[in-house]
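Inspection log for the structure reproduced underneath, given as structure tokens.
Naming convention: chains lettered A, B, ... in sequence-line order (proteins, then strands); numbering from 1 in each chain.
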There are 2 protein chains.
Amino acid sequence: MSSRRGERVSPEQVDEDRVFKALASSTRRQLLDALKNQARTTGDLCERFPHLDRCTVMQHLRVLEAAGLVIAQRKGRERWNHLDPLPIKHIHDRWIGDYASAAVGMLATLKSDLERRTP
Amino acid sequence: MSSRRGERVSPEQVDEDRVFKALASSTRRQLLDALKNQARTTGDLCERFPHLDRCTVMQHLRVLEAAGLVIAQRKGRERWNHLDPLPIKHIHDRWIGDYASAAVGMLATLKSDLERRTP
DNA sequence: TCGACATGTTATAAAGCTATAACATGTCGA
DNA sequence: TCGACATGTTATAGCTTTATAACATGTCGA
């Protein structure tokens, strides 16, 4: 596996990158939101995004599937799309959580500074 | 504010989108990591990414700055880049945390199912 | 002050992404 | 079985991002 510039990267990094890239599109985040509480067929999703072409929805679903965020299974002539939140949890645990708690720490420091200054 | 397709979106959505898009590049995530523990000058960052052109680094820094993830201040002829983790915390709180805890809930359910099955 | 240094600006080629069109396949039920 | 339906595939135009080049500006110190 190698990046555009040719250096080697680990499979985990590739997965992580795919998830971040999948989340980078607001349309795809909306699709995930639509799948959050229940699985839906592709046709159902298309109805919920009337401004998008059916092909566009499918293309986005393919990106989400490649990132492991959506799992699809065929039932007869329908395709049921299920959300899998695990990849999001992974990047949360390995990446985002650190920054979020750094921000909390920063705010805590700021708060105690302010309190010290205005007794 | 309007998207590529012309529908209206709120300024918060735009900010959120900018943050997600900024995080979508592995190079930019590495830049953030380099700034995690200390602020650095642009020149310092360029030395740490020797495979990238100086202009490329600056362009990435501009994207990070537009997303509010990096705050820059000039000191003489140097530019010091500081990390601001707050925008990451925001998308964490408003978006990612939900999915991460959904994943935890899913795992918990699975675990208790397994335990019930193998007493 | 003047040259080396750090950074900023503008332009551009190449690669990638988004949305759509046109056509193909597979499945259900009258 | 056969037509309507749901989905799949391939191709493509237009826009965006990435990486670089060439040139410009501002600042420090000998």
Side-chain angles (χ1 to χ4, degrees), chain A residues 1-7 9 14 17-32 34-35 39-67 69-82, chain B residues 1-7 9 14 17-32 34-35 39-67 69-82:
Chain A
M1 203 50 86
S2 62
S3 76
R4 190 190 322 204
R5 304 204 72 291
E7 70 276 19
V9 284
V14 173
D17 199 57
R18 259 202 275 267
V19 176
F20 273 113
K21 287 210 157 59
L23 295 180
S25 147
S26 130
T27 302
R28 284 194 292 267
R29 291 197 301 278
Q30 288 171 45
L31 280 168
L32 291 182
L35 296 175
R40 295 185 190 280
T41 67
T42 305
D44 183 357
L45 285 172
C46 289
E47 277 176 29
R48 279 158 204 278
F49 295 84
H51 56 291
L52 290 181
D53 192 88
R54 185 182 58 86
C55 299
T56 306
V57 172
M58 288 192 55
Q59 219 163 353
H60 282 305
L61 284 173
R62 237 174 289 147
V63 174
L64 290 169
E65 205 176 355
L69 289 163
V70 162
I71 295 170
Q73 56 176 322
R74 274 205 92 134
K75 278 262 172 69
R77 62 178 155 178
E78 288 172 329
R79 168 189 157 125
W80 285 85
N81 304 281
H82 301 257
Chain B
M1 201 50 83
S2 64
S3 75
R4 193 188 320 206
R5 304 203 72 297
E7 70 276 18
V9 284
V14 173
D17 198 58
R18 260 203 274 266
V19 176
F20 272 112
K21 287 210 157 57
L23 295 180
S25 147
S26 131
T27 301
R28 284 194 291 266
R29 291 197 302 279
Q30 288 170 44
L31 280 168
L32 291 181
L35 296 176
R40 293 186 190 278
T41 66
T42 306
D44 184 358
L45 285 171
C46 289
E47 276 175 31
R48 279 157 203 280
F49 295 84
H51 56 292
L52 291 180
D53 192 88
R54 185 180 59 88
C55 298
T56 307
V57 172
M58 286 191 58
Q59 219 163 352
H60 282 306
L61 284 173
R62 237 175 289 147
V63 174
L64 290 169
E65 205 175 355
L69 290 163
V70 162
I71 295 170
Q73 55 175 321
R74 273 205 93 136
K75 278 263 171 68
R77 61 178 157 179
E78 288 173 328
R79 169 190 156 125
W80 285 85
N81 303 280
H82 301 257

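The nearest whole Å value for the distance from the CD atom in Glu47(A) to the C1' atom in dA6(D) is 12 Å. Straight-line distance from the CD atom of Gln73(B) to the P atom of dT7(C): 13 Å, rounded to whole Å. Following rounding to the nearest Å, Glu78(B) (CD) and dG8(C) (P) show an atom-to-atom distance of 11 Å. Put simply, CZ on Arg62(A) is 13 Å from P on dC17(C), counting in whole angstrom units. Taking atom CG of Leu61(B) as the reference point, atom C1' of dT18(D) lies 14 Å away to the nearest angstrom. Summarising the geometry, the separation between CD on Gln30(B) and C1' on dT18(D) is reported as 15 Å, rounded to the nearest angstrom.
In this view, Ser26(A) and Gln30(A) satisfy the side chain to side chain donor-acceptor pair (under 3.5 Å) rule, not counting sequence neighbours.
If Lys21(A) and Val57(A) are placed on DNA chain C by their nearest nucleotide, the residue sitting closer to the 5' end is Lys21(A). Of the residues near DNA chain C, Trp80(B) and Ser25(A), the one whose nearest nucleotide (by heavy atom distance) lies more toward the 5' end is Trp80(B).
Listed nucleotides: dA21(D), dG8(D), dT20(C). Nearest to the side chain of Arg79(A): dG8(D). Nearest to the side-chain atoms of Asp53(B) among the listed nucleotides dA19(C), dT9(D), dT20(D) stands dT20(D). For Arg28(A), the listed nucleotide lying nearest its side chain is dT18(C); candidates were dG8(C), dT18(C), dA19(C).
The main-chain N or O of Ala72(A) is never found under 3.5 Å from a side-chain atom of Asn81(A) such that the two would form a donor-acceptor pair.
At dT20(C), one or more side-chain N or O atoms of Thr56(A) fall inside 4.0 Å of OP1 or OP2 (strictly under the cut-off).
Atom CG of residue Leu61(A) and atom OG1 of residue Thr56(A) lie 11.0 Å apart, to the nearest 0.5 angstrom. One distance of note links CD of Gln59(A) with CZ of Arg28(A); it measures 9.5 Å at 0.5 Å rounding.
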(Q) Give the dot-bracket line for DNA chain D from 5' end to 3' end: parentheses for intra-strand Watson-Crick or G-U pairs under 3.5 Å, square brackets for crossings, | for inter-strand pairing, dots for unpaired. (A) ||||||||||||||||||||||||||||||

Q: List the protein contact pattern of nucleotides 22-30 of chain C with one symbol per nucleotide (5' to 3'): B for base contact, S for sugar-phosphate-only contact, - for none; contact means a heavy-atom distance under 4.0 Å.
A: B----BS--

